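Report on one structure; see the data block that follows.
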Amino acid sequence: MEKSFENQMNAFADRALAAAQAAGISPAEATYSLSESFSVRVRAQKLEDYKVSDRFQLTLRGCWHGRIGTAKTQAMDEESLDLLIQGVKESAELIETDEQDEILPPDAHYDAVCNYSDALDAVTAEDKIALAMRIDDRLCAADARITPDDTVVSTAGEVFCLRNTLGLHLSHSSNMIYAYASCLAREGEAASTGFKLLWGYAMEDVSPFDVADGCVKDALDKLGAGRLPSGARRVVIRNNAMADLLSTFSGVFSADNAQKGLSLLAGKEGTAIASPAVTLVDDPLMPWGMGSCPFDREGAATMSKNVIDGGVLRTLLHNRKTAKKAGVQTTGNAAGAGTVAPSNLYIAPGQAPLDDLLARMGDGLLITEVSGLHAGANPISGDFSLLSRGFEIANGQIQRAVEQFTVAGNFFTLLQEIEGVGSDLLFEGSPIGSPSVAVKAMSIAGE
Amino acid sequence: MLSSDLCSRVLSRALRGGGTFAEIFYEDTRSFGMTLRSGKIENAAVSRPRGAGIRIYDGLRSIYVYTCDVTQQGLLRAADRAAAAVTDTRGTGRDVILHEKTFTDMHPVKAPVLGVDAQRRADVLRAADSAARAVSGRITQVSCGLLAREQHVLIANSEGLYTGDTRTYTRLTCAAIASDGAENQTGTDSPGALMGFELFESRVDPEKSGQKAAKTAVTMLDAPYVQAGDMPVVIAGGFGGVIFHEACGHSLEATSVEPGMSEFAGKLGEQIAAPCVTAIDDGTMPNEWGSENIDDEGTPTTRLVLIENGILKNYMIDRLNGLKMGMAPTGSGRRESYAYAPTSRMRNTFIAAGHDDEDEMIRTMGDGLYAAQMGGGSVNPATGEFNFAVQEGYLVKDGRIVSPVRGASLIGRGSEILMRIDRVGREMTMGQGMCGSRSGSVPTNVGQPTIRVSRLTVGGK
C-alpha cells in the first residue's frame, strides 16, 4: 500500500468527522478504504490488457435530529466535505424507520485474523505477466482441439478502516492473488468452453500447470455433450455448483431480510430446516479466508458460528439493529447501509470423496455447472430453474457429458433433501464455499 | 473538470515512452439512491464517485490505469505507471495538442433529481407503494427505489479530442411480494430514462408501476408449475426484448466477434435470422435509458442496423476492436465508470416492428407458452447458449390462453431462435435494464414487438 495515500486518507477522515461534529452531527463515524489492484490478460501468447488501479472510498454516517444519515464520496476535497455534511443531514431527515442504526464505542476485544501476505505485495508486475504467459503457453501446447481464450492474473489489496467520535479506531488489511484461464474446445460440430480459477496469497497458490490443465480438462470433458430426457433424477451437485447456489440464496440467512418479509426463514430459529447432514458455518475468523475480518462494518467484533447445525437453524445473521429487534446479540455481520452479509460461509465438509457420493448414488446425474443465477433463481420464493451442465452417471461411473437442460427446484426443499455431503470443500474465488452434495431427486427439463 | 492544458500534459507524459494512442476519461458523478420498504423510507444517500482512467494502446494491447487521485500529481503518477508498461517504444515522445469539440445535446434534461425537494422525491416512492399494496390483501411486502445519477464526463485523447458530456439518469424500481403464508411470489417493474425528475410527469406513472409489479406477484401465486418440454412460445414486447439482447446482441459485440468467440463472427452479409427479423441498436433515441450523445471514447453515438430482413449487416464496435478488425468504431464504446476500460456494448437494442397480428399469433400456435413478462437471463457468447427466466407466463392450449404458469425458463441457442421466429408484431415497446459485461454495468434498453418462436425448450418442474 502507498503509505502517503493512507496517511492522506486518515487525515481526510479526521477532517470529515470534525466537520460533522462542528455541524451538530454527533456521534459520527467514517468507514473508508483504499483498494489497489493489478491485472493482466493474455490471449494467443500476447499480453492484451494491463490494468492498475487505486481507489478510495469514504462513507460518513452520523446522528442528526435523532436519526442516522449516510453519505459517500471518492474525492478528498472541500466540495466533498460539504456534500457529506449536507448529504448526512438530508438522509437523516428522509429516513422514517423506527429501528435505528447505532454508532457505538469499540467492543472490549477483537480476535486477530490474517489474510494479508507481505510476500505477495513484493511480487513484481513482470512476475505476474510471466505467470499469465506460462499458463497461456501451456494452453496453446495442450491439444489440437483447444483454442485458448483469456488468461488473467490479478492481485488485489485493501486497507479498510473505521473511525468514530466515540473512540473507535480499527483497521484491517487484506490482499490476494488469483489466476484463471478459459478456452474453447472444438471437434467437428461440437464446441465447449473450459474454465479454471485458482487463488491464494502466494505465487505457489496459483500454479500455471494446475490452471491450464484444469481449464483444458474442463473443456474436453464437456466436448460432445448430449441432451437429456425430462424427468426427475437423483443428482450429485458438484462443490463449485453448490457454492454458486448457496451464494445466490445466501440472503435468506439475513435477519434483515427475514424481518422485512424477504426470507422464508423468518421465525424458523430452533427448527429443522435442512437434512441432518447439513451444517452451515459462517466464520469471519478463518485464517486466510477471503472474507475474514476481525470486525464488521459497524465495528462490532466478529465471531465464528454455526448458522445451521445438523439441520437445525441456530441463528440468522445479525447486525446490531436486527439483533436488537430480535432480542439477541449481534453476530457481527453488519455489511453497511443497515444490511447484513455473511463472511466466509460454507457447508461443513463430510467424510466422503466425490467418487464415493457418485458410487452411492449409482445411477443419476452429476451437475457441474449452473448458470443464469441472477435471473433463474428467486431468493424470496427459493424457486430456481437453471440452465445446467453435467455428466450422466451409471453404476457410480461417468457415462457421458450432458448439456442444455434445466434443473428446477426450491432451495429450501433442496436443503432438506441433501442425503450426503462430500469432503471436497471448495472456495472458488469467493468467500462462499461448499463441498459436493448428494440430493434425493431433482426435476430435469431436457428434450 | 480538468483543463485542456492539464489533459495535454498528462497525455504527452503517457506517450513519452512509446505507444500509439493515449486517452484520459475523467468523471465526477453525483448519485442518489433512496429505498422505501414496509411503507417507510429506509435508506437515502447521496454519493460522489470521482476518478480518472488513463489508457494507452501499446500496439494492439490496452494499458489501463485508474485512480481516484485526480490532482495534477496524481494524474501524472498514473500516466507514469501506464507508460512504464509500454513495450513498443517506436514513435517515442510527442506533444499532444487538444481541440475542444462540442455537439448538440439530443437528450435535454429539465429537472435534475438532486435539485428537486427531498420530500417530493420520497412521494414518488410512497405513491408506487400504496398503489401496489391496494392491488390485493395478499401483497405482503413492497420495496420501491429511486435511483438518480448525474455523470459528468470529460474525454481527451492523443488525436486531439477534448470533449465532455453530462448524462442524467432517473429510474424507479418496484418489487412486490405476494404470499399465501407458505409460498412467496414476486413481481417487478423498473422504468427509467436518460432524463431528470420530469420522468414522472412525461413517461412514468409511479402508481401504475407499483400496480404492475403487484399484479404479476399475485397472478403467479395462484399459478401451477409449468410442464417442461419443447413448444411454440409467444413473447410479449417490452422487456421481452431481453431474449434478443442476451441470445444475439452480446454475440454481435466486437468484444466477442473480434477474437472469434461469437457464433456470428465472419457472417456479415449472411442470413442469420428469419426474413421477418430486423434488429437495431440505437443510441440516438431521445432521452432513452440506453441513449448517449457521445460514447465513453468520445465518438458520437449512432443508429446501427444489426440485422435487416434476416441478413447480418453490422457489428457493434469500439475503438480498439475497430483497429484490430480494420473496421470503423460505431459509437459503441461504453463503460460503467472510470474504473473500467471501455469496450463494445449495446445501447437501445430492439427487434423492429413487423406486420403480424398479435391475436393471430396465439390463435394459430396450438399448445404452447405465452411469456407476458420476461425476467433476466444470461448467455455464453462462444456457444450461444442462453437461459431466460419467465416472470409471468401463461399456458396456451389449442390457441387459447388457459391459465398462468410459474417457474418457466427458456433455454436454447441464439442462432437457432433467430431462425425460428415466425411472427413479428406491429408495435415495438422497450424495457430498461442494466447490462453487465467486461466494462461493467451500463444502462441499456431492450425491446421488441410481440414475437412468436416456432419451437423453444421450456424448462420447469
Side-chain angles (χ1 to χ4, degrees), chain A residues 5 43 46-57 69-75 80 83 86-87 90-91 93-98 125 147 149 184 191-193 230 260-262 264 337-338 371-372 374-376 378 380-383 385-387 403-406 408-409 443 445-447, chain B residues 28 34 37-38 40-51 58 61-70 81-82 85 118 122 140-141 177 179 183-186 228-230 259 261 339 341 375-378 380 382-383 385-389 406-409 411-412 457-461:
Chain A
F5 211 78
R43 92 184 275 141
K46 279 206 297 261
L47 185 56
E48 290 256 332
D49 285 338
Y50 178 106
K51 197 167 169 179
V52 178
S53 77
D54 52 60
R55 198 172 200 181
F56 158 77
Q57 205 144 218
T70 306
K72 300 171 198 178
T73 189
Q74 294 179 359
S80 280
L83 177 121
Q86 293 314 316
E90 184 187 276
S91 161
E93 286 162 9
L94 275 168
I95 287 169
E96 299 170 330
T97 42
D98 302 324
T147 310
D149 189 11
L184 187 64
S192 63
T193 54
S230 299
K260 288 168 183 162
L262 303 175
L264 288 169
S371 61
H374 65 289
N378 184 333
I380 312 273
S381 63
D383 288 341
S385 173
L386 300 165
L387 179 60
E403 63 175 4
Q404 291 256 328
F405 61 91
T406 59
S443 171
E447 270 184 314
Chain B
D28 193 354
M34 171 162 62
R37 199 175 270 166
S38 309
K40 288 179 173 164
I41 303 289
E42 184 180 85
N43 274 309
V46 65
S47 70
R48 183 188 179 198
R50 187 187 68 165
D58 179 26
R61 93 182 222 239
S62 157
I63 298 167
Y64 195 70
V65 175
Y66 70 87
T67 179
C68 53
D69 185 355
V70 297
R81 292 179 86 177
T140 52
Q141 181 58 285
I177 299 175
S179 178
E183 279 187 317
N184 286 343
Q185 285 294 318
T186 57
D230 282 9
M261 301 302 278
S378 65
N380 178 341
T383 60
E385 294 167 296
F386 64 74
N387 176 26
F388 305 98
R406 72 162 76 155
S409 60
I411 63 175
T457 300
V458 175
K461 270 206 167 166

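Residue numbers start from 1 in every chain, and the chains themselves are labelled A, B, ... in the order their sequence lines are given, proteins ahead of strands. Please read these numbers as outputs of a predicted model, since none were measured by experiment.
When all heavy atoms are compared, the tightest approach of Arg43(A) to Pro259(B) is NH2-CB, 3.0 Å. The shortest non-hydrogen separation linking Ser91(A) to Ala44(B) is OG-O, 2.6 Å. In terms of heavy-atom proximity, Ala445(A) sits nearest to Ala228(B) at CB-CB, 3.3 Å.
No side-chain heavy atom of Glu90(A) sits less than 4.5 Å from a side-chain heavy atom of Val46(B). Within the 4.5 Å cutoff, the side chain of Lys46(A) has no heavy atoms near those of the Arg61(B) side chain. Using a 4.5 Å heavy-atom threshold, the side chains of Leu264(A) and Asn184(B) count as touching. Gln404(A) has its side chain out of reach of Thr457(B): every pair of non-hydrogen atoms, C-beta onward, lies at least 4.5 Å apart. Looking at heavy atoms from C-beta onward, Asp54(A) lies in side-chain contact with Arg81(B) at the 4.5 angstrom threshold.
Contact of Val458(B) with chain A is made through the backbone alone, with heavy-atom distances under 4.5 Å. Only the side chain of Ala122(B) comes within contact range of chain A, with heavy atoms under 4.5 Å apart. Using a 4.5 Å cut-off between heavy atoms, Glu93(A) contacts chain B through its backbone alone, with no side-chain atom that close. For Ala341(B), the part sitting under 4.5 Å from any heavy atom of chain A is the backbone (N, CA, C, O) and nothing else. Contacts between Ile63(B) and chain A at a heavy-atom distance below 4.5 Å involve backbone atoms as well as side-chain atoms. Contacts between Ser80(A) and chain B at a heavy-atom distance below 4.5 Å involve backbone atoms as well as side-chain atoms. For Glu48(A), the parts lying under 4.5 angstrom from a heavy atom of chain B are both the backbone and the side chain.
Atoms CZ and OG1, from Arg55(A) and Thr67(B) in turn, are 10.5 Å apart once rounded to the nearest 0.5 Å. Ile380(A) CD1 to Thr186(B) OG1: the interatomic distance, rounded to the nearest 0.5 Å, is 6.5 Å. To the nearest 0.5 Å, the span separating CG on Asn378(A) from CD on Gln185(B) amounts to 6.5 Å. In this structure, CD on Gln74(A) lies 7.5 Å from OG on Ser47(B), to the nearest 0.5 angstrom.
When Gln141(B), Arg37(B), Glu42(B), Arg48(B) are compared by the number of non-hydrogen pairs under 4.5 Å with chain A, Arg48(B) comes out ahead. Chosen from Leu262(A), Thr147(A), Ile95(A), the residue pairing most often with chain B at heavy-atom distances under 4.5 Å is Ile95(A). Comparing Ala45(B), Ser38(B), Pro49(B) by heavy-atom pairs within less than 4.5 Å of chain A, the highest count is held by Pro49(B). Most heavy-atom pairs under 4.5 Å with chain B: of the set Asp149(A), Leu83(A), Thr70(A), Leu94(A), this distinction falls to Leu94(A). Contact tally against chain B (heavy-atom pairs below 4.5 Å) for Asp49(A), Val52(A), Thr406(A): the top residue is Val52(A). In terms of heavy-atom pairs under 4.5 angstrom with chain B, the leader among Ala75(A), Ala125(A), Gly69(A), Gly338(A) is Ala75(A).
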Legend entry - Derivation and outcome, side-chain hydrogen bond (donor to acceptor under 3.5 Å, both in side chains), residues Asn387(B) and Ser371(A): CA-CA 8 Å; Asn387(B) 176 26; Ser371(A) 61; 4.7 Å; no
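At most 12 heavy atoms of other shown residues, nucleotides or ligands fall within 6.0 angstrom of atom NZ in Lys72(A).
Residues satisfying the ring pair (Phe, Tyr, Trp, His ring centres under 6.0 Å) criterion with Tyr66(B), sequence neighbours excluded, are Tyr338(B).
Judged purely by atom type and a 3.5 angstrom limit, Lys51(A) uses its side chain to pair as donor or acceptor with the backbone of Ala339(B).
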